[in-house]
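Please see the structure below; I have some questions.
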Amino acid sequence: MKNMMRILALSVACLTTAQAATAVTTGSVNLRRSPGVSGRVLSVVPKGTLLIVACRGQWCRTTVGGRGGYVSRALTRPVSASAPLAGRGVVYFRSCAAVRAAGRAPLRLGVLGYRTTLDRNHNGLACERGE
């Protein structure tokens with residue numbers, strides 16, 4: 001629980017100083033505990049994995065399989081442009097039920113409100129029928 005709170009606090013700190021975007025890995029990428037090649041490798045992220053990233057400099061903060069860490073920005077390709085996490089023009093849906101209630105389902109990757117957590121089968125289409 002203590003480690004989870006640290007990860008959550010670090011995630012919030014990183015996301016408040018950066019902007020979130022979606023990116024896909026261009027090859028197998030090391031998920032590191034800290035930004036930099038000296039950071040301990042936590043896991044390997046397969047090529048073609050869609051991530052939500054918050055980048056600053058050459059490193060991007062992300063979460064893969066419930067584990068937070070950093071990936072090299074050079075080993076990702078942006079899918080959607082960076083967007084502020086809060087403020088005017090930001091659309092956030094807590095659940096697919098909220099998306100449907102707003103009449104916005106399904107949400108396509110790159111459209112305001114799309115999040116990978118709403119896209120259970122990771123096909124780029126969130127809150128489609130059966131999800």
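Worth saying up front: this structure is predicted, and the values here are computed from it rather than measured.
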Please report the shortest heavy-atom distance between Val29 and Ser72, naming the atom on each side. CG1-N, 4.4 Å

Identify the heavy atoms of Gly57 and Arg73 that sit nearest to each other, and give their distance. O-NH1, 2.8 Å

Tell me whether the guanidinium CZ or amine NZ of Arg61 lies under 6.0 angstrom from the six-membered ring centre of Tyr70 and within 45° of its axis. yes

Heavy-atom distance under 4.5 Å between the side chains of Leu118 and Val99, does that happen here? yes

Looking only at heavy atoms, which two atoms of Gly124 and Asp119 are closest? And how far apart? N-OD2, 2.7 Å

Decide yes or no on side chain to side chain contact (heavy atoms under 4.5 Å, CB included) for Phe93 and Arg115, but give the supporting numbers first. CA-CA 9 Å; Phe93 295 105; Arg115 295 184 299 122; 5.6 Å; no

Would you mind reporting whether Thr22 and Leu50 have side-chain heavy atoms less than 4.5 Å apart? yes

Is there a donor-acceptor contact under 3.5 Å from the side chain of Thr25 to the main chain of Thr49? yes

Set of residues satisfying side chain to side chain contact (heavy atoms under 4.5 Å, CB included) with respect to Ser95, sequence neighbours excluded: Ala97, Ala98

Cluster overlap Val45 with Leu75, hydrophobic side-chain contacts below 4.5 Å: yes

Would you compute the distance between atom OG1 of Thr117 and atom CD1 of Ile52 and round it to the nearest 0.5 angstrom? 6.0 Å

Minimum heavy-atom distance between Ser34 and Gly39, given as atom pair plus value: OG-CA, 3.3 Å

Evaluate the side chain to side chain contact (heavy atoms under 4.5 Å, CB included) criterion for residues Val71 and Asn30: first the C-alpha distance (whole Å), next the side-chain angles of each, then the deciding distance (0.1 Å), finally the verdict. CA-CA 6 Å; Val71 295; Asn30 289 330; over 6 Å; no

Linking I/L/V/M/F/W/Y whenever their side-chain heavy atoms sit closer than 4.5 Å, directly or via other members, would Val79 and Tyr114 fall into one cluster? yes

Identify the heavy atoms of Leu42 and Gly69 that sit nearest to each other, and give their distance. CD1-CA, 4.5 Å

If hydrophobic clusters are built by linking Ile, Leu, Val, Met, Phe, Trp and Tyr wherever their side-chain heavy atoms come under 4.5 Å apart, do Val64 and Val44 end up in the same one? no

Carefully, step by step, assess Leu31 and Thr62 under the rule side chain to side chain contact (heavy atoms under 4.5 Å, CB included). CA-CA 9 Å; Leu31 179 69; Thr62 191; 3.9 Å; yes

With a sphere of 6.0 Å drawn around CZ of Arg120, does it hold more than 12 non-hydrogen atoms of other residues, nucleotides or ligands? no

Can you list the steps and then say if Glu128 with Asn123 is a side chain to side chain contact (heavy atoms under 4.5 Å, CB included)? CA-CA 10 Å; Glu128 58 196 313; Asn123 66 350; 2.9 Å; yes

Rounded to the nearest 0.5 Å, the OG atom of Ser43 sits from the CZ atom of Arg67 at a distance of 6.0 Å

Arg32 versus Val41, closest heavy-atom pair with distance: NH1-CG2, 3.4 Å

